[in-house]
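Notes follow the structure.
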2 protein chains.
Amino acid sequence: MFRALADATRRDIVRRTLRAEATVSELAGSYDMSFAAVQKHVAVLEEAGLVSKRPRGRERIVRGNPEAIRRAQSLLDQFEEIWRARIDRLDALLDADTPNNAKER
Amino acid sequence: MFRALADATRRDIVRRTLRAEATVSELAGSYDMSFAAVQKHVAVLEEAGLVSKRPRGRERIVRGNPEAIRRAQSLLDQFEEIWRARIDRLDALLDADTPNNAKER
DNA sequence: AGTTTGTACAACCATTTGGTTGTACGTTAT
DNA sequence: ATAACGTACAACCAAATGGTTGTACAAACT
């Protein structure tokens with residue numbers, strides 16, 4: 001999933017389809033590459049769950065999936081939390097080392 | 001930067017060094033690959049700003065950078081916000097379509 | 001002084017990635 | 001019915017990626 005977000009074109013497709021739905025060919029029109037290339041990007045994003053496609057006649061409507069974004073966020077939140085835990089441990093160490101008559105900062 | 005986070009080993013290095021500092025060889029001991037491979041991963045992470053290195057004698061101490069994590073988070077937050085804006089626009093449309101005597105949900 | 005340790009980096013290799021063109025096929029328009 | 005359109009997918013290609021081994025070098029140990 002981070003792998004899917006690693007490409008600038010794909011991030012832009014996510015942004016665009018999060019803002020408003022678009023067909024694959026509409027998307028393809030926005031980028032300076034072949035239709036097939038864009039279609040592959042969309043496939044990668046769909047694989048990663050960042051985007052979903054639904055058919056309307058011969059076209060496929062692409063829609064960004066906010067749920068997947070939230071999953072990525074929660075992963076980063078975990079990182080944040082791990083780091084905070086380390087800071088807490090350091091604080092505890094410092095506290096244990098602080099004389100009783102020390103002033104609170 | 002998402003590219004740097006796209007590899008599982010690298011994500012683990014970030015986690016580990018966010019929790020506590022570690023030398024490159026300590027890290028290398030944790031993974032089933034050559035020292036050089038791990039060293040390259042650390043280099044990629046450093047390039048992306050996700051990790052910083054400082055020398056202590058002949059070793060290099062690696063530390064995860066919470067600031068970079070926050071930058072990634074804020075990027076995902078932007079996605080979230082874009083999506084919310086779309087929902088707001090849809091709501092506005094529905095409101096405009098709602099007869100005056102309709103009940104509030 | 002000589003050896004070991006920790007790191008960096010080059011050269012190499014297989015696989016993956018991001019792109020291309022061409023083909024096929026169902027859907028819509030004439 | 002035929003043509004045009006939107007999409008999917010295969011085959012191909014160059015470049016990037018993730019790994020390897022080997023070499024070099026400074027710092028630390030004996």
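Proteins come first, then strands; the chains are lettered A, B, ... in the order of their sequence lines, and each starts at number 1. Worth saying up front: this structure is predicted, and the values here are computed from it rather than measured.
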Is Thr23(B) close enough to dG6(C) that one of its side-chain N or O atoms is under 4.0 Å from OP1 or OP2 there? no

What is the distance, rounded to the nearest whole Å, between atom CD1 of Ile61(B) and atom P of dG6(C)? 13 Å

Return all side-chain donor-acceptor pairs below 3.5 angstrom for residues 46-54 of chain B, not counting sequence neighbours, or 'none' if the list is empty.
{"from": "Glu46(B)", "atom 1": "OE1", "to": "Lys53(B)", "atom 2": "NZ", "distance (Å)": "3.3"}
{"from": "Arg54(B)", "atom 1": "NH1", "to": "Glu21(B)", "atom 2": "OE2", "distance (Å)": "2.9"}
{"from": "Arg54(B)", "atom 1": "NH2", "to": "Glu21(B)", "atom 2": "OE1", "distance (Å)": "3.1"}
{"from": "Arg54(B)", "atom 1": "NH2", "to": "Glu21(B)", "atom 2": "OE2", "distance (Å)": "3.4"}

Are Leu18(A) and Ile87(B) connected, step by step, through hydrophobic side chains (Ile, Leu, Val, Met, Phe, Trp, Tyr) whose heavy atoms are closer than 4.5 Å? yes

Under 3.5 Å, sequence neighbours excluded: what are the donor-acceptor pairs made by side chains of residues 31-45 of chain B?
{"from": "Tyr31(B)", "atom 1": "OH", "to": "Asp12(B)", "atom 2": "OD2", "distance (Å)": "2.6"}
{"from": "Ser34(B)", "atom 1": "OG", "to": "Ala37(B)", "atom 2": "N", "distance (Å)": "3.1"}
{"from": "His41(B)", "atom 1": "ND1", "to": "Arg10(B)", "atom 2": "NH1", "distance (Å)": "3.2"}

Met1(A)-Ile13(A) co-clustered via ILVMFWY side chain contacts under 4.5 Å: yes

If I take atom CZ in residue Phe2(A) and atom C1' in nucleotide dT17(D), what distance separates them, rounded to the nearest angstrom? 19 Å

Please state how far atom CG in Leu27(B) lies from atom P in dA8(C), giving the value in whole angstrom units. 11 Å

At under 4.0 Å between heavy atoms, how does the protein contact nucleotides 20-30 of chain C? Give one character per nucleotide, 5' to 3', with B, S or -. BB----BBB--

Whole angstrom is fine here: how far is it from CZ in Arg3(A) over to C1' in dA16(D)? 11 Å

For Glu47(A) and dC9(D), give me the distance from atom CD to atom C1', rounded to whole Å. 15 Å

Donor-acceptor pairs are to be reported for all side-chain atoms of residues 22-30 of chain B against protein atoms at under 3.5 Å, with residues two or more places apart or in another chain.
{"from": "Thr23(B)", "atom 1": "OG1", "to": "Glu26(B)", "atom 2": "N", "distance (Å)": "3.1"}
{"from": "Glu26(B)", "atom 1": "OE1", "to": "Thr23(B)", "atom 2": "N", "distance (Å)": "2.9"}
{"from": "Ser30(B)", "atom 1": "OG", "to": "Arg16(B)", "atom 2": "NE", "distance (Å)": "3.2"}
{"from": "Ser30(B)", "atom 1": "OG", "to": "Arg16(B)", "atom 2": "NH2", "distance (Å)": "2.9"}
{"from": "Ser30(B)", "atom 1": "OG", "to": "Glu26(B)", "atom 2": "O", "distance (Å)": "3.4"}

Please report the distance, rounded to the nearest Å, between CZ in Arg60(B) and C1' in dA8(C). 8 Å

Side-chain N or O of Gln39(B) versus OP1/OP2 of dA8(C): is the shortest distance under 4.0 Å? yes

Tell me whether Leu93(A) shares a hydrophobic cluster with Ile82(A), the cluster being built from Ile, Leu, Val, Met, Phe, Trp, Tyr side chains joined at under 4.5 Å. no

Output yes when at least one side-chain N/O atom of Lys53(B) is less than 4.0 Å from OP1 or OP2 of dA8(C), else no. yes

Any donor-acceptor pair under 3.5 Å linking the side chain of Arg19(B) with the backbone of Arg86(A)? no

Counting only non-hydrogen atoms, which of residues 6-20 of chain A are less than 4.0 Å from DNA chain C? Asp7(A), Arg10(A)

For the side chain of Thr17(B) and the backbone of Gly64(B), is there at least one donor-acceptor N/O pair under 3.5 Å apart? yes

Residues two or more places apart in sequence or in another chain: which of them pass side chain to side chain contact (heavy atoms under 4.5 Å, CB included) with Glu80(B)? Ile69(A), Arg70(A), Gln73(A), Trp83(B), Arg84(B)

Between CG of Leu5(B) and C1' of dG18(D) the distance, given in whole Å, is 16 Å

Separation of dA26(D) C1' from Glu59(B) CD (nearest whole Å): 13 Å

